[in-house]
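Shown next, in structure tokens, is the structure this report addresses.
Below, chains carry the letters A, B, ... as their sequence lines are ordered, and counting in each starts from 1.
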There are 2 protein chains.
Amino acid sequence: MNIKDIAKISGVGISTVSRVLNNSGVVSDTTRARVLSVVKKYNYVPNSNARNLKKIQSNTIALMVKGISNPFFANMIKEVERQVHLRGCPLMIQQVEDGVDEVGAAMQLIKEKNLYGVIFMGGTYDHSEEEFRQLGVPFVLTTITTLKDVDPSAFSSVSIDDVQSAYKATSYLISLGHRHICFLARFPFRENTIGSRRLLGYKKALEEHGIEYDPALVEDCEYAPSFGFAAAKRLLNKNLGVTAMFAASDAIAIGAAKAVLSSGLSIPGDVSIVGFDGIEMAEYYHPSLDTVSQPGVEMAHVSVEILFDLIGGETANRHVVFESMLVKRGSSRKIN
Amino acid sequence: MNIKDIAKISGVGISTVSRVLNNSGVVSDTTRARVLSVVKKYNYVPNSNARNLKKIQSNTIALMVKGISNPFFANMIKEVERQVHLRGCPLMIQQVEDGVDEVGAAMQLIKEKNLYGVIFMGGTYDHSEEEFRQLGVPFVLTTITTLKDVDPSAFSSVSIDDVQSAYKATSYLISLGHRHICFLARFPFRENTIGSRRLLGYKKALEEHGIEYDPALVEDCEYAPSFGFAAAKRLLNKNLGVTAMFAASDAIAIGAAKAVLSSGLSIPGDVSIVGFDGIEMAEYYHPSLDTVSQPGVEMAHVSVEILFDLIGGETANRHVVFESMLVKRGSSRKIN
DNA sequence: GATGTGTATCGAAACGATTCGACGAGCCTA
DNA sequence: TAGGCTCGTCGAATCGTTTCGATACACATC
């Protein structure tokens with residue numbers, strides 16, 4: 001069943017059917033009604049391959065997300081989808097394996113499918129300005145850090161200030177009297193990853209309060225509970241008199257909390273903990289975990305807005321930096 | 001840059017380029033090498049719209065998942081993607097909003113994109129045999145229950161036995177001496193939803209052990225911590241002498257555990273808790289939550305296998321029922 | 001009656017691939 | 001040397017849309 005059949009059955013020309021389906025050009029009301037009834041009757045759905053082929057540009061948006069299983073992204077993905085559908089466009093969610101060249105993959109998709117635009121979500125990108133420029137369609141980087149020094153005018157982004165956010169959390173712990181605060185995050189030995197930016201904020205807070213930075217208090221671990229657990233165990237075994245832990249994600253914090261509690265220590269009695277992201281599970285941990293919360297849903301929303309502004313012809317790239325929020329629940333306390 | 005350009009630059013015909021790219025037909029080695037070098041040099045990627053249009057059938061697989069944010073699905077999605085890519089096919093992940101007609105949405109996609117096959121993941125489907133049949137491409141239902149009585153020969157599925165699994169968990173709690181066991185799940189007042197099937201298992205266990213079923217011990221709640229928390233609170237307020245809780249998901253269990261702990265009760269001292277699914281967070285809760293674990297990754301793997309068998313011409317539908325596993329950690333104990 | 005102006009519609013050309021029938025060159029065979 | 005076969009290649013037709021120029025009619029204008 002194709003447009004030709006529909007045209008024949010309706011007793012009109014092909015182009016008339018096309019105009020009815022696309023609400024373009026003029027069609028008399030009676031013809032429109034007749035065509036629509038036939039379309040409905042035969043459950044006709046236009047073939048998007050043919051449509052996109054002819055239109056050179058499809059209206060499909062792609063979401064390239066690094067680590068689709070990251071719970072922090074869950075609500076963001078949902079919001080991106082909601083917003084994109086609201087604008088009448090289909091969304092393709094593409095999970096990007098760790099270690100895959102995500103911009104290259106996007107490039108492939110863009111050429112293959114004549115994409116309308118792309119949102120990149122999560123991770124650290126090691127791409128040059130030139131590579132981004134070559135994409136040829138509007139795109140937005142959401143909660144992403146770029147390793148190479150890319151001119152801000154070459155891309156749009158939505159993020160929080162990681163340095164400032166980590167600074168905020170660390171300062172909070174210091175203000176509660178903590179002096180031996182450890183920090184758990186992933187450090188791929190490169191500048192400008194999420195982990196190293198948060199480390200910067202951590203260091204800055206220590207320095208401002210005259211506390212010497214002790215590398216032994218910093219543990220490298222992936223963003224998952226099992227790694228947080230192992231890292232915290234290692235730290236506790238060092239017997240450095242740690243009274244507080246700051247984790248670069250709630251998943252890490254949950255694992256670390258488990259390590260603390262299962263060592264017979266209490267939270268926040270013996271050890272205070274602050275996480276990062278603001279996922280729902282952290283709130284329902286016992287005790288409820290303090291965290292630096294990112295406004296994920298709004299960030300997703302704004303990402304889509306920026307993308308469609310660019311698609312709509314806006315030429316100026318935008319960089320929206322959201323404010324993170326220190327959420328105090330029950331996992332830290334004042335000491336001394 | 002299209003196939004015509006590549007052909008011209010390489011000094012060969014269009015069809016030769018096509019044959020090189022598809023490894024079909026005969027092409028001399030020298031010609032092949034020449035074409036490939038041109039393709040590489042200009043970074044040419046064939047347009048998939050044109051390709052799929054002509055081929056009538058694309059090689060794209062769609063994954064329709066209800067609730068992409070469900071942490072239990074996270075690893076399954078990853079595995080589906082891995083397996084599908086391994087077979088050289090692109091995967092389209094499609095989040096299905098609650099309340100959306102997922103089979104209708106799939107139907108639309110299938111017609112639009114000439115899909116190769118579809119995997120449906122999660123939820124309860126209220127579709128008739130006829131509707132499934134109309135899809136016209138191979139499909140597999142993974143961790144899904146169907147409301148209508150659909151002939152098993154009309155679809156393939158991968159699942160666990162929900163009745164048996166709930167029976168197992170409840171029996172375990174009973175064997176520990178518990179008599180007032182509550183059950184938390186989502187009941188949309190229909191038979192054959194995940195919630196009502198697990199309720200069946202719960203009832204069966206009670207009955208077999210001569211414990212009377214008390215509807216007051218059963219609470220309706222969505223599959224998220226906040227709902228589990230509220231439901232458990234309601235239950236505790238009823239003062240029914242509950243000593244154990246069985247939750248139909250780990251997310252519910254985590255919320256319920258929070259409610260118990262924040263009421264000043266201890267786990268498993270005062271209340272034992274068993275969850276369902278086997279997500280990582282449940283293990284890192286404190287105390288570690290007992291759960292009925294589903295082998296999600298294997299289920300995803302087998303789903304893809306079945307799908308490609310069907311695509312490959314296999315005509316017999318298969319129904320693979322996995323064994324769930326009762327994982328005993330630290331959230332239940334013997335009483336009396 | 002010739003011309004102009006809308007309005008509703010049509011058909012043909014494109015979009016970029018695949019594929020099938022055809023064809024030429026080279027070689028073997030009778 | 002004619003005929004048949006193989007190998008490598010070509011070009012045209014095709015997939016199902018969109019879109020643009022053309023057309024046909026009705027009606028108003030001069």
| task | In sequence, state the C-alpha distance, the side-chain angles, and the governing distance for B:Thr124 and B:Thr145, and then conclude on side chain to side chain donor-acceptor pair (under 3.5 Å). | result | CA-CA 5 Å; B:Thr124 300; B:Thr145 59; 3.2 Å; yes
| said: Show, in sequence, the C-alpha distance, side-chain angles and deciding distance for A:Glu102 and A:Lys66, and conclude whether the salt bridge (Lys or Arg N to Asp or Glu O under 4.0 Å) test is met. | reply: CA-CA 8 Å; A:Glu102 51 292 284; A:Lys66 199 158 211 168; 2.5 Å; yes
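When each of B:Glu79, B:His85, B:Glu81 is tested with B:Gln83 by the rule side chain to side chain donor-acceptor pair (under 3.5 Å), just one qualifies, namely B:Glu79.
With rounding to whole Å, A:Asn49 atom CG is found 13 Å from C:dT18 atom C1'. We find that CG of B:Asn47 is positioned 14 Å from C1' of D:dG16, with the value rounded to whole Å. Regarding A:Asn52, its CG atom lies at a distance of 14 Å from the C1' atom of D:dC15, rounded to whole Å. Going from atom CG of A:Leu53 over to atom P of D:dT19 covers 12 Å, rounded to whole Å. Atoms NZ (A:Lys55) and P (D:dT18) sit 7 Å apart, rounded to a whole Å. Atom-to-atom, NZ of B:Lys113 to C1' of D:dC15 comes out at 16 Å; the value is rounded to the nearest Å. Between the CD1 atom of A:Ile6 and the C1' atom of C:dC10 there is a distance of 18 Å, given to the nearest Å. Summarising the geometry, the separation between CG on A:Asn114 and C1' on D:dT17 is reported as 13 Å, rounded to the nearest angstrom.
One donor-acceptor pair, N or O on each side, does fall under 3.5 Å between the base of D:dT14 and the side chain of B:Lys54.
Using modelled atom types, one side-chain atom of A:Asp5 and one backbone atom of A:Asn2 make a donor-acceptor pair closer than 3.5 Å. Listed for the A:Ser10 side chain is no donor-acceptor partner under 3.5 Å among the backbone atoms of A:Val12. Using modelled atom types, no side-chain atom of A:His301 and backbone atom of A:Gly296 make a donor-acceptor pair closer than 3.5 Å. For A:Thr31 (side chain) and A:Val27 (main-chain N/O), no donor-acceptor pair under 3.5 Å exists by modelled atom type.
Within the structure, a side-chain polar atom (N or O) of B:Asn2 is placed less than 4.0 Å from OP1 or OP2 of C:dG16. The side chain of B:Tyr44 places an N or O atom within less than 4.0 Å of a non-bridging phosphate oxygen (OP1 or OP2) of C:dA17.
Rounded to 10°, the helix from C:dG1-D:dC30 to C:dA30-D:dT1 has 70° between the axis fitted to its first five pairs and the one fitted to its last five.
Taking the six-membered ring where the residue is Trp, the centroids of B:Tyr125 and B:Phe120 are separated by under 6.0 Å. A:Phe132 and A:Phe139 have their aromatic ring centers within a separation under 6.0 angstrom.
Within residues 27-36 of chain B, the residues that place at least one heavy atom under 4.0 Å from DNA chain D are, in residue-number order, B:Val27, B:Ser28, B:Thr31. Near DNA chain C, meaning a heavy atom under 4.0 Å away, the residues from residues 8-23 of chain A are A:Gly11, A:Val12, A:Gly13, A:Ser15, A:Thr16, A:Arg19.
Inter-residue side-chain proximity for B:Gln108 and A:Asn43 is flagged as unmet; no heavy-atom pair is nearer than 4.5 Å.
Annotation: the span from A:Arg190 atom CZ to A:Asp126 atom CG amounts to 5.0 Å, rounded to 0.5 Å.
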